[in-house]
There are 2 protein chains.
Amino acid sequence: MTAPRKATIGDVARHAGVSKGTVSLAYSGKRPVSEETRQRIFDAAEELQWTASHRARALATSRTGAIGLVVARDPEVLATDAFFSKFISGCERVLAEHDMGLMLHAVTSSEAERLVYERLAAGRADGVILLDVQVEDPRFELVQRLGLPAVVLSAEEPTGGETAGLPTVYSDDSPAVTELVGRMAQAGHTRIAHVAGPDHYIHGRIRREAFAAAMREQGLDGSLVVEGDFTAASGRDATAQLLDRADPPTAILYANDMMAISGLSLAHSRGLRVPEDLSISGYDDSELSAHLSPALTTVSTGAVQRGQIAVTTLLAEIAGEQPRHVLADHTTVVPRGSIAAPPGTPTRTAP
Amino acid sequence: MTAPRKATIGDVARHAGVSKGTVSLAYSGKRPVSEETRQRIFDAAEELQWTASHRARALATSRTGAIGLVVARDPEVLATDAFFSKFISGCERVLAEHDMGLMLHAVTSSEAERLVYERLAAGRADGVILLDVQVEDPRFELVQRLGLPAVVLSAEEPTGGETAGLPTVYSDDSPAVTELVGRMAQAGHTRIAHVAGPDHYIHGRIRREAFAAAMREQGLDGSLVVEGDFTAASGRDATAQLLDRADPPTAILYANDMMAISGLSLAHSRGLRVPEDLSISGYDDSELSAHLSPALTTVSTGAVQRGQIAVTTLLAEIAGEQPRHVLADHTTVVPRGSIAAPPGTPTRTAP
DNA sequence: CTGAAAGCGCTTACAG
DNA sequence: CTGAAAGCGCTTACAG
């Protein structure tokens with residue numbers, strides 16, 4: 001039962017009667033190997049059940065074959081984030097093609113976070129993707145000092161060096177928010193509120209600014225904003241605060257699905273019908289949002305595609321290509337049943 | 001702007017006027033180094049900004065410093081799984097102590113899955129944790145053939161070699177389900193239904209069997225079971241099917257929160273009040289469940305602890321210790337507002 | 001097309 | 001307490 005020593009490239013070479021170099025070449029194809037010896041080598045490898053040692057290859061090539069992803073969020077929040085796992089799945093898709101993997105790190109302090117990046121830079125990963133970017137994120141400087149290739153994922157175009165020159169995969173969250181406000185206004189709503197994400201997150205801030213701008217365009221008062229933190233708890237509390245007002249909103253635009261769903265639930269429990277009494281929208285297109293009753297109007301973020309693009313961009317940078325910013329916009333509004341005319345609207349306002 | 005060559009242990013040794021071996025020892029502490037040279041070494045390292053290369057160390061020690069986790073689920077489903085990210089967070093906690101990392105792989109075909117395990121075994125990970133275990137899971141044989149240390153996470157004690165002798169971290173989901181049924185029965189429910197998870201998953205099957213057994217114990221009919229697949233979509237459909245019956249249940253026990261939440265939403269949309277008209281319970285204790293209105297009675301699975309224990313167990317196995325099964329039971333019912341007496345019950349049945 | 005050898009950057013017996 | 005050297009298992013110029 002004691003594990004037999006694993007075969008090495010040397011064993012295969014000996015077995016096939018060639019040099020180690022030739023075995024290596026037969027697999028990499030970096031230089032031609034005669035069909036005959038190639039076959040001998042494959043047979044020997046098969047017989048010895050040999051697979052190249054990843055560790056040895058990593059040292060020889062100075063490439064680890066992994067990229068790093070560090071998440072500095074409470075696991076509770078991570079759990080409920082529809083974006084995250086779709087994003088990872090997109091990353092995997094292209095990593096697999098390149099025979100690479102994803103090193104995931106969950107940290108809870110910024111001290112631990114710094115340490116993790118240092119370890120990654122010490123050869124545990126060939127590069128990293130920076131998620132949940134904050135305004136003037138300290139990681140920008142950190143990765144550059146560490147010489148660690150990185151791409152940042154942002155919700156706005158880094159026109160003025162917002163991402164410190166690091167290659168950035170960005171989308172623009174604004175149009176979807178504008179469209180959502182437009183739909184609500186069109187349905188006849190005037191008192192529209194926004195439950196925002198934290199302002200220090202770019203995607204929190206952008207969605208909020210887009211809300212304000214869209215309301216202004218519609219000639220409406222865009223000041224009814226409550227800041228949440230993307231958790232269900234904060235969604236419920238913010239909603240309670242809004243509904244408790246003397247002049248409660250007739251529509252609420254939430255910065256993510258999670259907050260929208262707990263908000264929806266609270267509204268229901270207060271006897272409000274959605275969408276008849278209250279219209280709402282989310283952001284993220286989580287699986288749950290599509291199967292609620294009524295289903296939640298939300299925004300699909302193209303998370304899988306962004307994962308793919310982010311990794312592709314990172315690999316290009318690692319390969320030494322000139323870093324560039326790339327627009328990855330698959331953001332689109334998914335209209336579902338949670339928006340209707342406000343209460344008291346005549347059944348049909350024919351044009 | 002061209003990246004300066006990174007310092008190596010040789011540079012540090014030269015700088016400090018010692019041998020490479022001594023530098024290594026100064027850091028590992030595996031053998032004593034005089035305080036004076038030790039300081040010289042640290043100073044040199046500091047000045048040259050040296051950190052040991054993980055790749056080189058990995059080859060020299062035959063240890064990769066990472067464990068693998070492969071998830072064979074639709075990203076949509078993963079996204080909404082409260083267990084998963086808490087579990088990962090628990091893993092990280094102990095991995096960090098050991099200066100190790102987590103290689104995460106998301107696969108969508110069993111073909112891809114096999115390939116990933118082979119890669120992991122080829123030196124990309126020192127061991128793996130097997131999640132979402134199925135009955136007679138083919139991975140049991142695979143990891144053993146590959147000589148890849150593994151621990152499996154199960155929802156029942158592997159008394160009869162269910163996990164092929166692999167060290168197993170198990171909990172028992174039954175008591176919580178029994179308690180839930182008990183609470184519902186106690187409240188006066190007799191028509192209690194179960195929306196189950198797929199039967200080929202151990203945790204799906206166990207919860208279902210526990211439901212049947214508990215109903216039997218209560219002298220109730222436990223045949224009202226609809227199989228879902230843990231997604232919100234299936235939760236909604238199963239609930240519709242139940243509520244459409246001539247004799248709909250007055251209480252529904254769901255195999256996870258996600259199905260319970262979409263079920264709750266559907267019930268609401270049909271004008272049923274929860275818990276006045278329908279009592280429900282979930283399983284997983286997701287963040288959302290606590291902030292719904294009413295909050296969802298559910299089961300906390302101790303996912304963080306299980307992650308910690310799983311990794312601890314795996315590291316012990318990697319270190320060559322005798323593999324054993326370990327009970328990791330932090331499963332407990334979290335009573336919240338979603339269970340009450342069935343409709344038509346006199347206000348208070350004083351004992 | 002193939003071989004011999006150096007090199008990737010550490011760790012760890014082996015001597016002293 | 002410290003040094004010189006071998007070894008981890010590959011890849012890749014360099015010769016032929």
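Atom set for the values below is all heavy atoms of this structure, side chains included, hydrogens, waters and symmetry mates excluded. Each chain gets a letter, A, B and so on, in the order its sequence line appears, and its residues count up from 1.
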Short question: side chain of A/Thr64, backbone of A/Ala66 - any donor-acceptor pair under 3.5 Å?
-> no
Residues in residues 7-21 of chain A with a heavy atom under 4.0 Å of DNA chain C, by number, are A/Gly17, A/Val18, A/Ser19
Salt bridge B/Arg306-B/Asp329, side-chain N to carboxylate O under 4.0 Å = no
With side chains defined as the heavy atoms from C-beta onward, is the minimum distance between B/Leu48 and B/His15 less than 4.5 Å?
-> yes
Sequence neighbours left out, what passes salt bridge (charged side-chain N to carboxylate O under 4.0 Å, His left out) with B/Glu113? Give chain and number order.
-> B/Arg139
Show your working on side chain to side chain donor-acceptor pair (under 3.5 Å) between A/Thr168 and A/Ser154 and close with a plain yes or no.
-> CA-CA 7 Å; A/Thr168 303; A/Ser154 180; over 6 Å; no
Under the side chain to side chain donor-acceptor pair (under 3.5 Å) test, which residues partner B/Ser62, sequence neighbours left out?
-> none
Charged N to carboxylate O under 4.0 angstrom, B/Arg124 versus A/Asp99?
-> yes
Considering only heavy atoms of chain B and a distance under 4.0 Å, specify the first and last nucleotide of DNA chain D in 5' to 3' order that meet this criterion.
-> D/dC1 to D/dG9
With sequence neighbours left out, write down each residue that passes ring pair (Phe, Tyr, Trp, His ring centres under 6.0 Å) with A/His203, or none if nothing qualifies.
-> A/Tyr201, A/Phe230
Who pairs with B/Arg38 by side chain to side chain donor-acceptor pair (under 3.5 Å), at least two apart in sequence or on another chain?
-> none
Under 3.5 Å for both distances, Watson-Crick or G-U wobble, that's the pair rule; now give the dot-bracket for DNA chain C, with | marking pairs to another strand and [ ] for crossing ones.
-> |||.||||||||.|||
Under a 4.0 Å N-O cut-off, is there an ion pair linking B/Arg40 with B/Glu36?
-> yes
Contacting residues from residues 22-35 of chain B, given that a heavy atom lies under 4.0 angstrom of DNA chain D = B/Thr22, B/Arg31, B/Pro32, B/Val33, B/Ser34
Is the backbone N or O of A/Val18 less than 3.5 Å from a side-chain atom of A/Thr22, with the two atoms forming a donor-acceptor pair by type?
-> no
Hey, mind stepping through A/Glu141 and A/Arg145 against salt bridge (charged side-chain N to carboxylate O under 4.0 Å, His left out) and telling me if it holds?
-> CA-CA 6 Å; A/Glu141 188 266 332; A/Arg145 183 165 58 71; 3.6 Å; yes
Close residues, residues 58-65 of chain B, relative to DNA chain C [heavy-atom separation under 4.0 Å] = B/Ala60, B/Thr61
Quick one: list whatever passes side-chain contact (heavy atoms from CB on, under 4.5 Å) with B/Gln39, sequence neighbours left out.
-> B/Glu35, B/Phe42, B/Asp43
Name all residues meeting the ring pair (Phe, Tyr, Trp, His ring centres under 6.0 Å) criterion together with B/Phe87; count only those two or more places apart in sequence or in a different chain, and write none if there are none.
-> B/Phe83
Could you tell me which residues satisfy salt bridge (charged side-chain N to carboxylate O under 4.0 Å, His left out) with B/Glu111, sequence neighbours excluded, listed by chain and number?
-> B/Arg114
